[in-house]
Amino acid sequence: MDFCDPFSKECVDALNQAVAYHLHISCVYLGMAYSFVVDKKMPPFARFFESQAEARREVAHQFLKRLWKRKGKICPPIHKKPNMNEITTPTEALQLAQELERTLTQILLNLNTRACLDRESDLLSFLTSLIQKQKRNEDYLKCQLNYQERVERQKQKNIQTEKPSTSSGEGI
């Protein structure tokens with residue numbers, strides 16, 4: 001398609017969905033990143049959340065520029081923010097991040113399908129690199145979650161071994 005031709009309505013809808021979800025994840029990641037700062041230090045997964053918040057805003061901006069250049073209606077839907085008070089452990093944050101990334105991957109794959117049907121080569125090229133980054137992000141989160149679960153199991157094990165015996169030895 002010519003870069004001056006407008007996107008199809010379906011493509012515009014898919015682009016708006018991608019914009020909205022990127023902005024949604026950006027806000028969630030930023031909130032989670034700073035929820036885990038201890039003594040001005042950020043654990044690796046929190047630094048990932050912070051950098052991804054910025055990256056998600058940038059991708060949303062790039063999608064918006066494409067919509068604007070092609071005179072597409074900019075009307076991203078609103079996503080409900082999760083209750084951040086329920087995210088109290090690194091494992092919970094990483095599980096939420098995995099869920100968000102899986103949803104985002106599906107949104108990008110849907111957009112990619114639409115762009116294929118509409119023969120939007122410029123958009124397809126951009127989406128190819130984004131989908132590759134998505135795979136890396138999902139792999140990173142999986143590794144971080146496995147690590148965090150091991151750390152939490154070890155903490156529980158240490159707590160259990162440190163508890164003194166409650167039996168007094170009477171009756172023996």
Side-chain angles (χ1 to χ4, degrees), residues 14-64 76-115 124-172:
L15 280 163
N16 275 304
Q17 181 67 22
V19 166
Y21 211 74
H22 274 86
L23 293 174
H24 169 69
I25 288 177
S26 176
C27 290
V28 173
Y29 275 171
L30 204 54
M32 286 195 308
Y34 288 95
S35 294
F36 293 98
V37 174
V38 178
D39 297 329
K40 298 183 182 178
K41 292 182 184 173
M42 223 181 239
F45 70 89
R47 284 192 300 274
F48 172 81
F49 292 158
E50 184 183 41
S51 70
Q52 286 303 301
E54 180 63 33
R56 299 299 180 215
R57 280 190 304 276
E58 177 55 35
V59 171
H61 176 74
Q62 291 175 18
F63 281 140
L64 286 168
I78 296 173
H79 291 275
K80 184 179 180 229
K81 186 177 171 195
N83 183 351
M84 300 303 284
N85 292 331
E86 294 175 3
I87 310 298
T88 58
T89 68
T91 298
E92 291 169 338
L94 289 162
Q95 288 169 338
L96 174 59
Q98 279 188 314
E99 182 182 320
L100 293 169
E101 292 298 325
R102 279 191 295 269
T103 301
L104 180 58
T105 297
Q106 191 56 56
I107 288 169
L108 292 174
L109 290 172
N110 292 344
L111 177 55
N112 192 66
T113 299
R114 186 73 249 167
L124 284 168
S125 159
F126 180 61
L127 285 167
T128 299
S129 68
L130 277 182
I131 292 168
Q132 289 170 348
K133 288 177 186 175
Q134 274 303 109
K135 175 68 174 138
R136 287 192 302 269
N137 288 345
E138 287 183 37
D139 289 345
Y140 175 81
L141 286 170
K142 185 177 180 181
C143 289
Q144 284 295 309
L145 182 58
N146 287 337
Y147 171 77
Q148 204 58 49
E149 286 172 340
R150 282 193 315 272
V151 166
E152 288 179 15
R153 279 193 304 270
Q154 188 60 46
K155 282 182 183 176
Q156 286 293 55
K157 186 178 176 182
N158 291 345
I159 289 171
Q160 290 173 354
T161 57
E162 290 175 3
K163 286 183 182 177
S165 175
T166 56
S167 67
S168 63
E170 293 177 18
I172 299 180

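Reckoned from all heavy atoms, side chains included, excluding hydrogens, waters and symmetry mates.
- A donor-acceptor pair is defined here as one N or O able to donate and one able to accept, closer than 3.5 Å; such a pair exists between the side chain of Asn83 and the backbone of Asn85.
- For Leu96 against Pro82, the heavy-atom pair with the smallest separation is CD2-CG, 3.9 Å.
- With values rounded to the nearest 0.5 angstrom, His22 atom NE2 is found 13.5 Å from His61 atom NE2.
- For the pair Arg56/Leu23, no side-chain contact is recorded, criterion being any heavy-atom separation below 4.5 Å from C-beta on.
- Looking only at distances, a side-chain donor or acceptor of Glu92 sits under 3.5 Å from a matching main-chain atom of Thr88.
- The aromatic ring centres of Tyr34 and Phe49 sit 6.0 Å or more apart.
- For the atom pair Glu152 CD and Lys157 NZ, the distance stands at 16.0 Å (nearest 0.5 Å).
- We find the CG-OG distance between Leu124 and Ser129 to be 11.0 Å, quoted to the nearest 0.5 Å.
- Summarising the geometry, atom CZ belonging to Phe63 is positioned 11.5 Å from atom CD belonging to Gln17; distances are rounded to the nearest 0.5 Å.
- Closest approach of Ala46 to Met42, counting heavy atoms only: CB-CG, 3.4 Å.
- The two residues Ala20 and Pro77 make their nearest non-hydrogen contact at CB-O, 2.9 Å.
- Side chains of Cys27 and Met84 form no contact here, defined as non-hydrogen atoms less than 4.5 Å apart.
- Expressed to the nearest 0.5 Å, how far CZ of Phe36 lies from OG1 of Thr89 amounts to 6.0 Å.
- In terms of the side-chain contact (heavy atoms from CB on, under 4.5 Å) criterion, residue partners of Gln132 (sequence neighbours excluded) are, by chain and number, Thr128, Arg136.
- A distance of 10.5 Å separates CZ in Phe45 from CG in Leu145, rounded to the nearest 0.5 Å.
- Using a 4.5 Å cut-off on side-chain heavy atoms (C-beta onward), Gln144 and Phe48 make no contact.
- Under the 4.5 Å side-chain criterion, counting only non-hydrogen atoms from C-beta, Gln148 is in contact with Val151.
- When side chains are defined from C-beta on, Asn146 counts as touching Glu149, because their heavy atoms get closer than 4.5 Å.
- Taking 4.5 Å as the limit, every side-chain heavy atom of Met32 sits out of range of all side-chain heavy atoms of Glu50.
- Residues Arg57 and Leu30 meet the side-chain proximity criterion, which asks for heavy atoms closer than 4.5 Å.
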Please list, one pair per line, the donor and acceptor atoms closer than 3.5 Å that link side chains of residues 102-111 to other protein atoms, with sequence neighbours excluded.
unit_1	atom_1	unit_2	atom_2	d
Thr103	OG1	Glu99	O	3.1
Thr105	OG1	Glu101	O	2.9
Thr105	OG1	Gln134	NE2	2.9
Thr105	OG1	Glu138	OE2	2.3
Gln106	NE2	Asn110	OD1	3.0
Asn110	ND2	Gln106	O	3.4

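- By the 4.5 Å heavy-atom criterion applied to side chains, Arg47 and Pro44 are counted as neighbours.
- When every heavy atom of Gly31 is checked against every heavy atom of Ser35, the shortest pair comes out as O-OG, 2.7 Å.
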